[in-house]
Every structure is written in C-alpha cells, then in structure tokens.
Amino acid sequence: MRSPYIVFTAVAAVLCFSWILPARGCNKALCASDVSKCLIQELCQCRPTEGNCSCCKECMLCLGTLWDECCDCVGMCNPRNYSDTPPTSKSTVEDLHEPIPSLFRALTEGSATVLSWNIVSFPVAEELSRHENLVSFLETVNEPQHQNVSIQDSSAHTSRSSEKDHMCTVAYFDDCMSIHQCKISCQSMGASKYRWFHNACCECIGPECVDYGSKTVKCTSCLF
C-alpha cells in the first residue's frame with residue numbers, strides 16, 4: 001500500500017508538470033511520463049537560469065536520452081522555440097572541385113526515375129535575380145570600402161546577361177543522406193556544387209546554375 005506522502009508527491013508532481021507545460025511549451029506526449037518521474041524524485045528542483053545548478057547532473061541522468069527534448073519541461077534549459085525555421089528551410093552549400101559538366105548533363109537528360117533521383121530545371125534568371133539583389137545590397141553598405149567589389153560585380157553582371165535564357169538543372173536524390181555522402185554523390189555525377197538541406201535532402205547543382213540551385217526541398221522520400 002502506498003504511503004500518503006508518495007501519493008501526495010505524485011499528485012503534486014503531475015500538477016506541477018501540468019503547470020510547467022503551457023509555460024514552457026514542451027512536448028507533452030514525449031516527456032510527460034519521464035518528467036513526472038523526475039519531479040516525484042525531486043531531482044530537477046534547482047534553476048540554472050538563476051545560477052543554481054546543484055541538481056543539473058542528477059536531473060540529466062534522470063531524463064536520460066530525453067534530456068535534449070525535455071529539459072525545458074523542468075526549467076533546466078531555455079524553452080524550445082517551435083516556431084523556428086524548419087530544417088527544410090536551412091541548408092549548407094559548397095562548390096565542388098573539378099566538376100565534369102558533360103557528365104552531369106548526360107546523367108540528367110530525359111527521364112531518370114530508374115536512377116532514384118528527381119531532375120528539376122528552371123530559368124537561370126531566377127538565380128541571377130537573387131544574386132543581383134544581394135550585390136545591390138552590398139554596394140549600398142559602406143560604399144567606399146566596397147568599390148572594388150562593385151566593379152568586379154558589374155563585369156560579372158555583363159558576362160551573365162547572356163545566360164538569362166539558359167536553364168539551371170539540379171538533381172535531388174530521393175532518399176535522405178549525410179552531408180558527406182551528398183558531397184560524394186554529387187561529385188560522382190560531375191556536379192559543380194551541392195546543397196545539403198538540414199533535413200538530410202541532397203541537391204546536386206549543374207554547371208549552368210549561377211547560384212546554388214533551388215532552395216526548395218524536392219527529395220521524394222526525404223521531405224520533412
């Protein structure tokens with residue numbers, strides 16, 4: 001038979017947790033059980049944000065593998081901002097050394113469904129427009145220090161004006177992959193650049209592209 005103290009503590013923990021949830025916006029479905037257990041054991045009572053971290057290690061050990069997802073539920077870390085930009089809007093880009101344009105064009109011509117990637121083409125003018133907007137912004141910031149850059153960009157604009165009617169072709173691999181595998185795979189296609197989205201979608205960028213391809217995730221089996 002449970003002692004009245006244990007029952008009272010359990011009820012108090014549940015009530016405390018239900019009060020913390022709306023304030024912290026933590027993942028109730030994932031964290032409720034483990035957080036309640038740690039609150040009952042009084043292992044997460046200190047407040048690091050107030051300079052008191054005397055229970056931090058014990059609380060972390062209690063939450064175990066759920067620490068990253070649930071520490072905000074017990075006030076041990078900053079509240080998670082669920083309105084942050086999703087991973088599909090964040091990406092890492094890199095130029096590839098010694099691309100092979102003829103190989104990339106050959107592999108991306110026509111239908112490539114058998115090869116498990118999605119080929120997308122769009123006007124280079126779309127990329128060029130974004131690039132020119134960035135250059136214009138840089139030219140207005142501390143103009144004396146950016147005179148050399150402005151001259152160089154002007155010549156780049158002239159050389160690229162004839163490319164406005166060309167198409168930028170990119171290839172999205174269907175499945176998710178690591179950034180290292182993305183780079184290797186794009187190199188093996190002869191791509192000039194690659195974009196690796198932070199949801200693990202990989203985009204290989206062709207030689208006609210001015211910028212870094214499309215900023216939209218289109219990996220058929222890796223969208224979220």
Side-chain angles (χ1 to χ4, degrees), residues 1-96 116-118 172-187 193-204 212-224:
M1 182 176 180
R2 296 180 180 178
S3 69
Y5 174 76
I6 294 178
V7 174
F8 173 78
T9 304
V11 173
V14 172
L15 291 175
C16 179
F17 182 61
S18 65
W19 176 82
I20 292 175
L21 273 174
R24 301 301 182 189
C26 67
N27 189 335
K28 181 177 181 180
L30 177 67
C31 302
S33 176
D34 287 82
V35 167
S36 295
K37 176 193 69 176
C38 296
L39 290 175
I40 290 173
Q41 297 180 40
E42 299 185 353
L43 298 176
C44 303
Q45 303 303 311
C46 58
R47 288 293 173 266
T49 55
E50 299 173 3
N52 178 10
C53 206
S54 58
C55 67
C56 292
K57 186 175 181 179
E58 290 78 6
C59 186
M60 182 177 186
L61 291 173
C62 182
L63 289 175
T65 56
L66 292 177
W67 170 262
D68 291 343
E69 293 291 336
C70 304
C71 60
D72 58 338
C73 296
V74 290
M76 299 297 290
C77 60
N78 290 326
R80 192 180 302 274
N81 185 358
Y82 291 99
S83 63
D84 278 349
T85 305
T88 51
S89 297
K90 301 177 183 179
S91 59
T92 299
V93 297
E94 184 181 355
D95 293 314
L96 296 173
S116 298
W117 60 52
N118 179 25
Y172 294 92
F173 286 95
D174 290 345
D175 298 323
C176 297
M177 61 177 63
S178 68
I179 187 171
H180 177 67
Q181 185 59 49
C182 178
K183 181 176 181 177
I184 292 175
S185 298
C186 290
Q187 284 177 325
K193 310 166 186 175
Y194 74 90
R195 181 187 292 272
W196 184 78
F197 295 90
H198 292 188
N199 72 320
C201 172
C202 177
E203 174 188 359
C204 300
Y212 289 92
S214 172
K215 296 180 180 179
T216 304
V217 174
K218 293 185 179 180
C219 299
T220 56
S221 301
C222 188
L223 296 175
F224 302 102

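Below, all heavy atoms of this structure are taken into account, side chains as well, without hydrogens, waters or symmetry copies.
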Worksheet item: Can you check whether Cys44 and Cys59 have SGs under 2.5 Å apart?
Response: yes

Practice prompt. List the steps and the verdict of side chain to side chain contact (heavy atoms under 4.5 Å, CB included) for Ile179 and Lys183.
Written response: CA-CA 6 Å; Ile179 187 171; Lys183 181 176 181 177; 5.8 Å; no

Worksheet entry | Side-chain donor-acceptor contact under 3.5 Å, Thr220 with Asn118 | no

Worksheet item: With distance as the sole criterion, is a donor-acceptor pair present between the side chains of Tyr194 and Glu94 under 3.5 Å?
Response: yes

Worksheet item: Do Val74 and Cys38 come within less than 4.5 Å of each other through their side chains, counting heavy atoms only?
Response: no

Fill in: pair Cys62-Lys37: side-chain heavy atoms closer than 4.5 Å
yes

Worksheet item: Residues two or more places apart in sequence or in another chain: which of them pass salt bridge (Lys or Arg N to Asp or Glu O under 4.0 Å) with Glu58?
Response: none

Worksheet, complete the sentence: Contacts of Lys193 meeting salt bridge (Lys or Arg N to Asp or Glu O under 4.0 Å) (sequence neighbours excluded), chain-then-number -> none

Discussion item. Keeping Arg195 on the side-chain end and Glu203 on the backbone end, is there a donor-acceptor pair under 3.5 Å?
Written reply: no

Qualifying residues under side chain to side chain contact (heavy atoms under 4.5 Å, CB included), relative to [X], sequence neighbours excluded:
X: Cys201; answer: Tyr172, Phe197, Asn199, Val217, Cys219, Cys222
X: Cys46; answer: Asn52, Ser54, Cys55, Cys56, Met76
X: Met177; answer: Phe173, Gln181, Cys182, Ser185, Cys202
X: Leu66; answer: Leu30, Asp34, Cys70

Worksheet item: Which atom pair, heavy atoms only, marks the closest approach of Asp72 to Cys77?
Response: N-SG, 3.1 Å

Rounded to the nearest 0.5 Å, what separation is found between the [atom1] atom of [X] and the [atom2] atom of [Y]?
X: Ser221; Y: Asp174; atom1: OG; atom2: CG; value: 5.0 Å
X: Cys204; Y: Leu96; atom1: SG; atom2: CG; value: 8.0 Å
X: Tyr212; Y: Asp95; atom1: OH; atom2: CG; value: 3.5 Å

Practice prompt. Quick one: do His198 and Thr92 satisfy side chain to side chain donor-acceptor pair (under 3.5 Å)? Show the steps, please.
Written response: CA-CA 8 Å; His198 292 188; Thr92 299; 3.1 Å; yes

